[in-house]
Amino acid sequence: MAIEGPRALVAGNWKMNGGVAMLKEPRLLAAMLKDVKLKCDVMVCPPAIIARRVKSVLKGSRIRLGGQDCHWAASGAHTGDISAEMLREAGATAVIVGHSERRTNHGETDELVSKKATAAHRAGLKAIICLGETLDERKAGKTLEVLSRQIRGSIPSGSTADLTVIAYEPVWAIGTGLTPTTAEVAEAHAHIRKELEGVVDLEAAATRILYGGSVKGSNAAELMGTPNVNGALVGGASLKAADFLGIIKVYA
Ligand code: PGA
């Protein structure tokens, strides 16, 4: 596969899955990747409660640890929340913010997502900022308009390519087995790259734009080979080392 642009990232979002019993999967993945020459970075984002355990399993491997969501404050009276600084202390190098499940289930706005991304940057973490249209928005021909609005609202000004990763995740493709056509992915990613240039102070060409939504071993090569796609954010298929490896290997 011809790879262009910034070094790709394949990140696994475990969501609310994975207790101690799942530690065998990152252990297995680390072993499987040991002698593989990779042209991408690999990351797993487990639930925060198990982050330190995953980090110690990953010790000595090239697999990085990421968090799932953070509060915008560094500390304080925020029951049940976790700060970017806490994730950093647990060994994370990145955090996913603005995932559609947070936007939908927790009513998170672009403004809040932007504050969370700022918190990630403050803590020295990469903010993996998720964007994407719903099925109704796509059917109404509003996809690019929605992406523009989310880019303007969710990406803090002054963000740098080093600490900012964009994940384009059409809401209707998450966990459904449905994926956009490569033409649709190419259109969305080109639009995001163009908007990054114009709207935020990012080095657009150097910013990684991941595709997410029902990525699996059988469609990864096609999706990852699409122009302006610099890796994947993977949910369901990241839970088993063998499945995740099938995606990562696209970059071997
Ligand atoms: P999926 O989830 O791969 O299970 O569709 C992707 C995501 O929500 O990041």
Side-chain angles (χ1 to χ4, degrees), residues 8-18 22 25-26 29 40-48 51 54 63-70 87 92-108 113 116-117 120 125-135 137-138 143 146-147 150 154 164-182 184-185 188-189 192 208-226 229-251:
L9 168 68
V10 179
N13 175 9
W14 290 10
K15 308 192 179 182
M16 201 170 70
N17 297 295
M22 199 156 135
E25 299 297 334
L29 184 68
C40 71
D41 296 331
V42 178
M43 181 181 289
V44 291
C45 305
V54 173
I63 306 168
R64 291 158 206 208
L65 178 74
Q68 300 174 24
D69 195 56
C70 64
L87 289 170
T93 58
V95 58
I96 299 166
V97 296
H99 190 283
S100 75
E101 286 149 17
R102 299 291 313 178
R103 292 178 186 260
T104 305
N105 303 345
H106 299 267
E108 295 194 2
V113 174
K116 290 181 174 202
L125 299 182
K126 293 181 199 306
I128 302 176
I129 304 172
C130 304
L131 319 168
E133 81 287 358
T134 63
L135 189 55
E137 288 164 341
R138 174 159 286 275
T143 298
V146 168
L147 294 177
Q150 292 176 334
S154 312
T164 307
V165 177
I166 308 300
Y168 169 57
E169 300 207 306
V171 179
W172 51 274
I174 296 174
T176 59
L178 302 172
T179 49
T181 63
T182 48
E184 287 168 337
V185 173
H189 279 239
I192 292 168
R208 295 188 271 201
I209 308 175
L210 315 184
Y211 168 78
S214 297
V215 179
K216 46 187 189 236
S218 56
N219 60 20
E222 193 181 16
L223 289 164
M224 300 305 103
T226 305
V229 175
N230 315 117
L233 183 56
V234 185
S238 71
L239 298 177
K240 288 261 173 263
D243 295 343
F244 199 33
L245 184 71
I247 297 166
I248 296 163
K249 277 228 165 141
V250 164
Y251 291 103

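Start at 1 and go down the list; that is how both ligands and their atoms are numbered. Heavy atoms only: backbone and side chains are in, while hydrogens, waters and symmetry mates are out.
- Take Phe244 and apply the ring pair (Phe, Tyr, Trp, His ring centres under 6.0 Å) test, not counting sequence neighbours, and it matches no residue.
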Pair Tyr168, Glu133 - check side chain to side chain donor-acceptor pair (under 3.5 Å), show working. CA-CA 9 Å; Tyr168 169 57; Glu133 81 287 358; 2.9 Å; yes
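- Under a 3.5 Å cut-off, the side chain of Thr134 and the backbone N or O of Glu137 do form a donor-acceptor pair.
- By the side-chain contact (heavy atoms from CB on, under 4.5 Å) test, Ala117 is found to be paired with Val97, Ala127, Ile129, Pro156, residues two or more places apart in sequence or in another chain being considered.
- More than 12 heavy atoms of other shown residues, nucleotides or ligands fall within 6.0 angstrom of atom CZ in Arg138.
- Residues passing the salt bridge (Lys or Arg N to Asp or Glu O under 4.0 Å) test with Arg102, sequence neighbours excluded: Asp69, Glu108.
- Contact shell of ligand 1 (protein heavy atoms, cutoff 4.0 Å): Asn13, Lys15, His99, Glu169, Ala173, Ile174, Gly175, Gly213, Ser214, Leu233, Val234, Gly235, Gly236.
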